[in-house]
Each structure stands twice: as C-alpha cells, then as structure tokens.
Amino acid sequence: MKKVIAFVMQGCPYCRAAKQAYDELIKEPQYTQINVEWIDGNEHPERVKGHDYYYCPSFFVDEEKTYEAHPGDDNEYIRSMVEETLRAALE
C-alpha cells in the first residue's frame, strides 16, 4: 500500500469536508487499511517543503499530488477526489 499525506489547515471548511469524507470512506472494506497522515501546514511548515500545492486540502500518494482543493469545490466533489486518492493508494 502506498503512503498518503494530506496537507490541511485548521478551520478550513474544505479540509473539514475532506476529513469527513475520509472518515466515512474508511468504513468501506476496500479502504479500511489506508491511513492518511494529516499534516497542518501552519503547525509543521518544515513538512510542506518540497510539495507543490497552494490550496488545502492537498493529497499526495507516494509524493504525487492526487488532489488539490480549489475555492468552490463542493462536498460531493471533495468526497469523490478523496475516494480517488484512496483508490490510488491501493494500486
């Protein structure tokens, strides 16, 4: 299984939606073993270095960006992108 990292920011509504989607999706049998390392970029700026993103949340699977939120993304779209990230982690 591949390593998944999500860069988030406290108080971010898109990050909250992504975390909620993850919490729901990992209940499904195919995703139960996937762990996401949630890193707050403000609290750990040293962990952000070397990762190309601007908006949060941003997901990386083995250092490859799979999703970067953009203003206006709705919860359904965020959920679909979190699921796509989880699928990529299984490949």
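Bear in mind the structure is a predicted one, so any value in this text is a computation, not a measurement.
Within a 6.0 Å radius of CD in Glu76, no more than 12 heavy atoms belonging to other residues, nucleotides or ligands are found.
Val8 and Ile34 end up in the same hydrophobic cluster when Ile, Leu, Val, Met, Phe, Trp and Tyr side chains are linked at under 4.5 Å. The same ILVMFWY cluster, assembled from side-chain heavy atoms under 4.5 Å apart, contains both Val61 and Leu86. Side-chain heavy atoms closer than 4.5 Å link hydrophobic residues (I, L, V, M, F, W, Y) into clusters, and following such links, possibly through other members, connects Tyr31 to Met81. One hydrophobic cluster, built from ILVMFWY side chains closer than 4.5 Å, cannot hold both Met9 and Ile39; they sit in different ones.
Taking 4.5 Å as the limit, some side-chain heavy atom of Val82 sits within range of a side-chain heavy atom of Leu25. Considering only heavy atoms from C-beta on, Tyr67 stays 4.5 Å or farther from Tyr53 through its side chain. In this structure, Phe59 and Val36 have side chains that are in contact, with non-hydrogen atoms separated by less than 4.5 Å. Side-chain contact between Pro71 and Tyr55: present, with at least one pair of heavy atoms (C-beta onward) separated by less than 4.5 Å. In this structure, the side chains of Glu43 and Gln10 come closer than 4.5 Å at one or more pairs of heavy atoms. Within the 4.5 Å cutoff, the side chain of Thr32 has no heavy atoms near those of the Ile26 side chain.
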Fill in: Worked check of salt bridge (charged side-chain N to carboxylate O under 4.0 Å, His left out) between Arg47 and Glu37
CA-CA 11 Å; Arg47 298 290 309 274; Glu37 182 180 4; 2.9 Å; yes
*Criterion side chain to side chain contact (heavy atoms under 4.5 Å, CB included) on Glu83 and Glu28, from CA distance to verdict*: CA-CA 11 Å; Glu83 185 166 16; Glu28 296 181 18; 4.3 Å; yes
| task | Could you give me the CA-CA distance, side-chain angles and deciding distance for Tyr22 and Trp38, then say whether ring-ring contact (aromatic ring centres under 6.0 Å, His included) is met? | result | CA-CA 11 Å; Tyr22 170 76; Trp38 300 87; 5.6 Å; yes
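Listed for the Asn75 side chain is no donor-acceptor partner under 3.5 Å among the backbone atoms of Ala17. A donor-acceptor distance shorter than 3.5 angstrom exists from the side chain of Asp62 to the backbone of Lys3, with no hydrogens or angles considered. A donor-acceptor contact shorter than 3.5 Å is absent between the side chain of Glu68 and the backbone of Ser58. Side-chain atoms of Tyr14 come within 3.5 Å of backbone atoms of Gly72 as a donor-acceptor pair (strictly under, hydrogens ignored).
With rounding to the nearest 0.5 Å, the separation of CZ in Arg79 from CD in Glu84 is 14.0 Å. Taking NE2 of His51 as the start and CD of Glu63 as the end, the distance is 3.5 Å to the nearest 0.5 Å.
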